[in-house]
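Some notes on the structure that comes next.
Here, residue 1 is the first one in the sequence, and each next residue gets the next number. Both backbone and side-chain heavy atoms feed into the values below; hydrogens, waters and symmetry mates do not. What you see is a predicted model; the values in this text were computed from it and never measured.
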Amino acid sequence: MVISIASGKGGTGKTTVACGLASVINNCVYIDCDVEEPNGHILLKPKITLEESSYKIIPKINNDLCNFCNKCTEVCEFNALLNFKTEIYLIDELCHSCGACTYFCPQKAITEVRKENGKIRIGETSNNILFYDAYLKVGEASAAPLIKKVKNAYKGDRPIIIDSPPGTSCSMLEAVKDSDFCVLVTESTPFGLNDLKLAMNVLRQINIPYGIVINKYDENFSLLDEYIQNNRLNLLLKIPFRMDIAESYSKGKLPIETVKDYKTMMVDLLEKIKKEVIEKVYA
């Protein structure tokens, strides 16, 4: 079972929910795919046992063999290659490692080389959660290749929690695709409502079932409740906007360990997700 935790808006408490959920699943795997700013380790406090470099493949052009026919620039969908007639110039930050330029080069003037794009870390928490996260190298424009690598780093059959990057860009899409179910975390604000709609639209297009968790719930902001009710959306949980939860998070502690009723909320959330996944499998 792969459960992704996503949010159209940053700052909704997505990682707190993801770490809390991971903590109530026996022998699960937590993968922090927010590679531009991973922070799950602050709450889960894993013991890191391995850190290794991650690489992406980029083209290397031999200008002595190249006749500047322009075929490589024509097939590059990301405009990563420029033809100056005396040199093919690569903007490697734009390269998506698709290999099209190498494959179609009639002069066989392009080979492929590795370039470091970040680090992947592996560890384990004191309560047996296998922990994975990654850091994107400063200056790298595309996070998706590193997200794909850290997701593929685990090969076992344990339940998996994917902590997605915020937003609705390619990074979020790479993180949540292939999930059995996605939990969308939002908050009781106009921005939370607007970005929830954007995230729902992405999941509908890639056909991933989802439910909604309202974190920092405020009953005074009624527009979110009305939207969910009027559209018959799957509301899984409301986490109240409370000082004890905020204090726990601000001290780098999991609310599940310090707030009396938080564990019950996470257990209830897990049971609802299991029911959703089972209904999907046996539908």
CA sep, side-chain torsions, deciding dist, call: Y30, F131, ring pair (Phe, Tyr, Trp, His ring centres under 6.0 Å): CA-CA 5 Å; Y30 168 88; F131 177 92; 5.7 Å; yes
Salt bridge (Lys or Arg N to Asp or Glu O under 4.0 Å) between E187 and K9, intermediate numbers included: CA-CA 9 Å; E187 63 182 21; K9 177 186 176 300; 3.1 Å; yes
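A salt bridge links D225 to K238: one of the charged nitrogens lies within less than 4.0 Å of a carboxylate oxygen. Using a 4.0 Å cut-off between a side-chain N of Lys or Arg and a carboxylate O of Asp or Glu, D261 and R242 qualify as a salt bridge. We find that E140 and K56 are joined by a salt bridge, their nearest charged nitrogen and carboxylate oxygen being less than 4.0 Å apart.
Panel note: side chain K151, backbone E174; a donor-acceptor pair is recorded below 3.5 Å. For D133 (side chain) and I31 (main-chain N/O), no donor-acceptor pair under 3.5 Å exists by modelled atom type. Side-chain atoms of S164 do not come within 3.5 Å of backbone N or O of A6 as any donor-acceptor pair. A donor-acceptor pair is defined here as one N or O able to donate and one able to accept, closer than 3.5 Å; no such pair exists between the side chain of N231 and the backbone of L233. When atom types are taken as modelled, the side chain of K45 and the backbone of I42 share a donor-acceptor pair closer than 3.5 angstrom. In this structure, N83 contributes its side chain and I88 its backbone to no donor-acceptor pair below 3.5 Å. Without hydrogens or angle criteria, K272 side chain to L236 main chain gives a donor-acceptor distance under 3.5 Å. Between the side chain of K14 and the backbone N or O of G11, no donor-acceptor pair lies under 3.5 Å. Looking only at distances, a side-chain donor or acceptor of N230 sits under 3.5 Å from a matching main-chain atom of E226.
For the residue pair D163 / T15, a side-chain donor-acceptor distance below 3.5 Å is found, with atom types taken as modelled. With no hydrogens or angles considered, a side-chain donor-acceptor pair links T12 and S7 at under 3.5 Å.
Taking CD1 from I120 and CG from L146, the interatomic distance works out to 5.5 Å, rounded to the nearest 0.5 Å. For the atom pair L65 CG and Q107 CD, the distance stands at 8.0 Å (nearest 0.5 Å). Taking OH from Y262 and OG1 from T16, the interatomic distance works out to 6.0 Å, rounded to the nearest 0.5 Å. L90 contributes atom CG, which lies 5.5 Å from atom CD1 of I58 (distance to the nearest 0.5 angstrom). Note that CG of N39 and NE2 of H41 are 6.5 Å apart. Values are rounded to the nearest 0.5 Å. Put simply, SG on C76 and CD1 on I91 are 9.0 Å apart, with the number rounded to the nearest 0.5 Å.
By the 6.0 Å and 45° rule, K115 does not stack over the aromatic ring of Y55.
Counting non-hydrogen atoms of other residues, nucleotides and ligands closer than 6.0 Å to CZ of F181 gives a total above 12.
The side chain to side chain donor-acceptor pair (under 3.5 Å) check on S248 picks up T258, with sequence neighbours excluded. With sequence neighbours left out, H96 forms a ring pair (Phe, Tyr, Trp, His ring centres under 6.0 Å) with F78.
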